[in-house]
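Down below is the structure, laid out as structure tokens.
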Amino acid sequence: MFCVQACLLALGLLALAGADSTGTTEVDIVFPRNDTYELMPLMPVVFAVQNPAAVQHLYTTLEYLVWPEEGPYNGSFNELRIDMVTPNETTQFLSEGIPNLLNTEGKWGFSWRLRSTNCSTSDDGTAYNDDHMTEDYDGFHRRTSWSYQYFRFTTAKGGRQPNLTAITTGEDCGKTQGIAFDVKQNLEVPFALTGNGPSSCALLASPAPTPSPCRASVVPSIASSISARITQAECYAATPAVSCPPKKDGAAVNSPGIQAALLAGPAWILYNVLF
Ligand SMILES: *[C@@H]1O[C@H](CO)[C@@H](O)[C@H](O)[C@H]1NC(C)=O
Ligand SMILES: *[C@@H]1O[C@H](CO)[C@@H](O)[C@H](O)[C@H]1NC(C)=O
Ligand SMILES: *[C@@H]1O[C@H](CO)[C@@H](O)[C@H](O)[C@H]1NC(C)=O
Ligand SMILES: *[C@@H]1O[C@H](CO)[C@@H](O)[C@H](O)[C@H]1NC(C)=O
Ligand SMILES: *[C@@H]1O[C@H](CO)[C@@H](O)[C@H](O)[C@H]1NC(C)=O
């Protein structure tokens, strides 16, 4: 019976470790969505990562592309660093601004793609798959795939405001795209296959869970910080698409005073862009 305390502790630690990096994880497009929006000099692109601790072992890459539907499909995909999200249990948001594109009326295509892996081990522990020499080792198998998503949106005068809180908490919160995974366990990657990559890889349950984008609600404080971050980044541009605090010289935006003004400054800095 002396096991009781130690075993409970061990079980507790196991439960903690498990809660960290298994279970359902999901990537959702928060903004834009298939809707009609007011013209935006600096359009926010926002993704949510639910249970980011579990997304870590999926070797994910997240990219998106916006293009005018009538025009040529000649842009290139932008990467958002999903591999850098804080690996805790709180939903994290990835965001970026697109300047000087969505400030005219039009119809737009939005494509996004998410790369992920699924690892497994063979029952007999020996099977190699000759088709994937660099992804199989001694009964361990790693498979990579891309999920592609696409939707359209419109910009028009009088369209909806890009209020992140309103769109993620209202009754339409679920009207967006998400890709969900169910991480059953994390397998240790054989040394021969790790390279510079992660040493742990997810084993995914099939079928994948149904996404629940309404769980990725953006509370007002997060909406403000996303807006501030996007504005601040844009204010480093030579000719920013939004109003910025005056630059005293080329590097002024780096000075602590300007940083503070951007972060804590008057509401116009924040609301000019997003709301
Ligand atoms: C795409 O094509 C349009 C029209 O030809 C051009 O104005 C634009 O600069 C091109 N964009 C890129 C990224 O090449
Ligand atoms: C998750 O990360 C955020 C951002 O770094 C942090 O503010 C928050 O306290 C963390 N939450 C937990 C449960 O660790
Ligand atoms: C966008 O929404 C409209 C209206 O709900 C729907 O008819 C259309 O199929 C959707 N299109 C795309 C590509 O998302
Ligand atoms: C955004 O929407 C929320 C919830 O509907 C609302 O409380 C808030 O006032 C809106 N923000 C702005 C700046 O309009
Ligand atoms: C992941 O791989 C395992 C083992 O091959 C397989 O049973 C499972 O269906 C796969 N999961 C997904 C989501 O493809």
Side-chain angles (χ1 to χ4, degrees), residues 21-27 30-33 35 37-44 46 51 54-55 57-60 93 95 113-129 131-132 135-149 158-176 178-190 193 198 200-211 214 216-231 242-243 265-275:
S21 51
T22 57
T24 302
T25 182
E26 179 172 329
V27 178
V30 171
F31 192 88
R33 298 171 174 219
D35 209 333
Y37 298 107
E38 182 56 88
L39 311 190
M40 295 164 282
L42 180 61
M43 185 182 89
V46 184
N51 191 10
V55 95
H57 305 296
L58 285 154
Y59 298 46
T60 41
F93 297 92
S95 60
R113 58 189 187 191
L114 183 68
R115 187 186 76 137
S116 60
T117 54
N118 182 20
C119 289
S120 59
T121 48
S122 303
D123 290 341
D124 66 7
T126 56
Y128 281 79
N129 181 332
D131 294 342
H132 301 89
E135 298 298 320
D136 294 282
Y137 183 81
D138 204 12
F140 181 91
H141 313 288
R142 185 168 62 196
R143 293 292 174 269
T144 299
S145 58
W146 285 91
S147 298
Y148 291 87
Q149 303 278 329
R160 256 180 121 174
Q161 298 293 325
N163 180 328
L164 300 181
T165 302
I167 61 171
T168 57
T169 57
E171 57 181 22
D172 288 351
C173 61
K175 288 191 183 160
T176 191
I179 301 172
F181 304 93
D182 182 7
V183 178
K184 298 315 285 180
Q185 55 174 307
N186 291 298
L187 304 172
E188 194 184 328
V189 181
L193 296 185
S200 184
C201 180
L203 167 62
L204 300 172
S206 191
T210 306
C214 287
S217 53
V218 183
V219 297
S221 60
I222 301 275
S224 299
S225 71
I226 291 173
S227 161
R229 250 192 92 247
I230 293 173
T231 309
V242 290
S243 314
W268 63 263
I269 294 175
L270 305 183
Y271 292 106
N272 216 3
V273 195
L274 281 185
F275 306 113

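Keep in mind that this is a model prediction, so the values were computed, not measured. Order of listing sets the numbers, starting from 1, for every ligand and every atom in it.
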Checklist entry - Based purely on interatomic distance, does N163 place a nitrogen or oxygen under 3.5 Å from a nitrogen or oxygen of ligand 4? => result yes
Checklist entry - What is the distance from atom CG of L114 to atom CH2 of W146, rounded to the nearest 0.5 Å? => result 8.0 Å
Checklist entry - Does ligand 5 have any atom sitting under 4.0 Å from a heavy atom of C119? => result no
Next on the checklist: If I compare all heavy atoms of N186 with all of A202, which pair ends up nearest, and what's the gap?
Outcome noted: OD1-CA, 3.5 Å
Checklist entry - Identify the closest protein heavy atom to atom 6 (C) of ligand 5: which residue and atom is it, and at what distance? => result N118 ND2, 4.2 Å
Next on the checklist: Starting from atom 8 (C) of ligand 5, what is the nearest protein heavy atom, named by residue and atom, and what distance separates them?
Outcome noted: L204 O, 3.5 Å
Checklist entry - Among Q149, E26, R113, whose side chain to side chain contact (heavy atoms under 4.5 Å, CB included) with I179 holds? => result Q149
Checklist entry - When you measure from atom 13 (C) of ligand 5 to every protein heavy atom, which one gives the shortest distance, and what is it? => result A205 O, 3.4 Å
Next on the checklist: Quick test: of every protein heavy atom, which one is nearest to atom 5 (O) of ligand 5, and how far off is it to 0.1 Å?
Outcome noted: S120 OG, 3.7 Å
Next on the checklist: Starting from atom 9 (O) of ligand 5, what is the nearest protein heavy atom, named by residue and atom, and what distance separates them?
Outcome noted: S206 CB, 3.0 Å
Checklist entry - If you take all heavy atoms of F31 and I167, which pair is closest and at what distance? => result CD1-CD1, 3.6 Å
Checklist entry - CE of M40 to CD of Q161: how many Å apart, nearest 0.5 Å? => result 9.5 Å
Checklist entry - OG1 of T168 to CZ of R33: how many Å apart, nearest 0.5 Å? => result 6.5 Å
Next on the checklist: Under 4.0 Å, heavy-atom basis, I'd like to know which part of A208 is in contact with ligand 5: side chain, backbone, both or neither.
Outcome noted: neither
